[in-house]
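When a ligand or atom number is given, it counts from 1 through the structure's own listing order.
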Amino acid sequence: MAESTENEAAATEFRAEVDGILLHAVAAEPITANTKEIYKALAFAARRQLAKRWVNTQVEDRKKRARRVYYMSMEFLIGRTLDNALSALELREKAAAAFSNAGGPSLTDIIECEPDAGLGNGGLGRLAACFLDSMATLELPSWGYGMRYEYGMFAQSIINGGQVEHPDSWLVDGTVWEFSRPGTMFPVRFGGTAEHHGEWAEWNAAEAVEARAFDYVIPGHGTDRVSTLRLWKADAPAQIDLNAFNSGDYARAAEFKNRFENISWVLYPNDSTPAGRELRLRQEYFFVSASLQDIIFHHLEEHKHLNNLADQIAIHLNDTHPAIAVAELMRLFCDEYGMLWEMAWSQCRRIFSYTNHTLMPEALETWPVSLIQHLLPRHMLIIYRINLEFLAEVERRFPKDIDLIRSVSLIDEGDGNEENKRVRMAHLCIVGSHRVNGVSQLHSDLMVRTIFAGFAKLYPERFHNKTNGVTPRRWLAQANPDMAALLDERIGKGWRLNLERLQELRPLADEPLFRADFAAAKRKNKRRLADYVRRETGVMLDPDSLFDVQVKRIHEYKRQLLNVLHVITRYNAILHGLADDAAPRCVIFAGKAASSYYIAKQIIRLINDVASTINTDPRVRDRLKVVFIPNYSVSIAELIIPAADLSEQISTAGTEASGTGNMKFALNGALTIGTEDGANIEIRDNVGSDNIFIFGNNAQQVEIMRRSGYDPRAIYQGNPLLNETLNKIDGGFFSPQERRRYHDLFNTLVNYGDHYLLLADYTDYVETQDRVDGVYKVPAQWQRKAILNVAGMGIFSSDRTIREYAIDTWHLGASLKKV
Ligand code: 26W
């Protein structure tokens, strides 16, 4: 049979399989089924294969009694699953052919039916999802553990220019992707009292909630092995308040049920400031306790005792959110399994490792001692004992160093008042782990020089760097099919599993034909985005203009406002007739603000007000457009990133731990305009300084400026361009109906110290933006640089990151797939 007829036959057969599932599992007639029903049937077809791979992987690992790694994270920003699953299962081409009939929905239409699993805030949650993809692909015996939130990241709409939040009920129609595990249930207890009886302690908890497991199968690429993402749902204990129910007091019964089940209802939509509420601590303990009980249960099935647990497992703590695991594992070891404290503690330290994701002091999690005492009294005793022994060690090694003791203690004594004492969760992680890492070279260096300096003095060998990465399967192969096809044609398909192969593009940067093909793929992505933006916002973007993109959570340190200052400056230049050699630009924003973060919400409002002013000013025409794309999410990122020419990575140097959006953009052929912050520095080192636009003060200069007193008001007064720009904002030019709308925003910059130093970087930023125009106007030059960006991104694969963790942190180097 010729290859094409063979493919046709396979497509027909596959279509018949999906039609069968439509009939039997979806109860829909293939001819009249709607796209959502077809989506469901196609997903079921993939699910079958995933189930098989999951079972085989477990059989294999059990037989080998494999050492396993467990990645504990409050957030997994998975996004959609179907497209990725079809690729991993090597069903994608067949599925595309099976749904290519005129009249019926295309595979793309079907894929776009799927709601995102938005179980995370931003970078930290998406990193966890990329890591699962890499762990499966590298064949590590690996599990993710997290929370099955009924409501994920809120949905954002823009009304009158401002952000409005709606609940994200991603589970309303159920999800095809989860496997409920009715047998897997663990009680998680809260409250009550704890008392020591000599060596031994007893916890009389006040209440217990049931944790139920739901599994998501994470397929590897180029392997039949999979990882498991196990998410926990809270259920009221079955017998609870049967009395109320039996006596017909349903309101009371429901209230009881809610009291327990609210634990897994909603993701805290707070980025970079810890939530500080009791429910959040309940969530943290809930998923940690269930996961540890599950890990121990499985270990005992294979090993019958816990004395070798540290030889058999590694547990990774994704930031401090699961930090209570250190105390919980000690409790399980000592109280439930009778292990001696010393042995338990030495295993603990060998089992845990911890990643820090932020240096900003306000984002470091601490909990009031009183709250932990109230909710987890036994754990508070354990934390006190860990601290006592730890501080005794410090005292032994550095006698009388009171400052050191104060700085590393697990307890922040505050003003000395009992009610103000707090537990520092990062310190608990560091003391309870054998490895601590930052997420970029700069961040890891700053970590040991600043917030953890005391610990670095005590345990220098414990601190490492693991620069973040992103999965090329989702962020290039899936998100940018045209560029992927071009790469396949020129350097083969190997880059999917070995991203360093992208280096082979380097010579092609000088080949006019390749540059033209590369530019055509980019143009198509821009067209696709422009169509979406027109449908969603009514704004028309010209795909031949420069697409200048900043998409990420809205936060002062990320400096979306600096971007806005440049936009207004450019607008002013156009009005003054001084922008005749500027390249036409579309400045694109997207991102969510925490609902209680007033300044961040004002920034969104300002972007929208500036956008409507500029987009409707006839003097501007197509030279400048501004758009805010609502409801940023993983799937919208997959649409936006491949369409970008310019990637805005402009955080104040020293504030963005790594960034991972920066990597996704460069991988898709955008040039970066950025500060010497986070992984931007390593991106520059790998793509070459000539192929990136770096500007502004570096971390050291920022530190000096902040220390020696910085005067933003003087900059405002002394710089006419900036003065005109800020006066427009403050004077109500963009909000004529409410002239003082942006006075607070103006004040944070001019009168309240400009903590993130926007004004200090303003001039260099604006001048660098002008250089961007100069390069963009010479397409061959721009495309050459863009290609060299892609070519240099090999090391930013999350496969590289996971390899490093496997070898240096988890002692799993031997399990890595051989290349
Ligand atoms: C609810 C409390 C809370 C606090 C902080 C939730 C989430 C956070 C995270 C620290 C926010 C976050 O996503 N951090 C980002 O992590 C990425 C992955 O390492 C880095 O690339 C980003 O620079 C960092 O901001």
Kindly state each residue pair satisfying salt bridge (Lys or Arg N to Asp or Glu O under 4.0 Å) with at least one member in residues 591-604, sequence neighbours excluded.
-> Glu165-Lys601
Sorted by first residue and then second, give each salt bridge (Lys or Arg N to Asp or Glu O under 4.0 Å) pair with at least one member in residues 424-444; sequence neighbours left out.
-> none
Please determine which of Tyr145, Trp232, Tyr70 meets the side chain to side chain donor-acceptor pair (under 3.5 Å) test together with Ser291.
-> Trp232
Close residues, ligand 1: non-hydrogen atom nearer than 4.0 Å | Glu75, Gly123, Leu124, Leu127, Asn270, Asp271, Ser272, Thr273, Pro274, Arg280, Asp319, His321, His357, Val439, Asn468, Tyr557, Glu656, Ala657, Ser658, Gly659, Thr660
Just grab all the salt bridge (Lys or Arg N to Asp or Glu O under 4.0 Å) pairs involving residues 641-650, residues at least two apart or on different chains.
-> Lys526-Asp645
Measure up the Phe695 and Tyr765 rings against each other and bin them: parallel (under 30°), tilted (30 to 60°), perpendicular (over 60°).
-> tilted
CA sep, side-chain torsions, deciding dist, call: His443, Asn465, side chain to side chain donor-acceptor pair (under 3.5 Å) = CA-CA 8 Å; His443 168 66; Asn465 174 245; over 6 Å; no
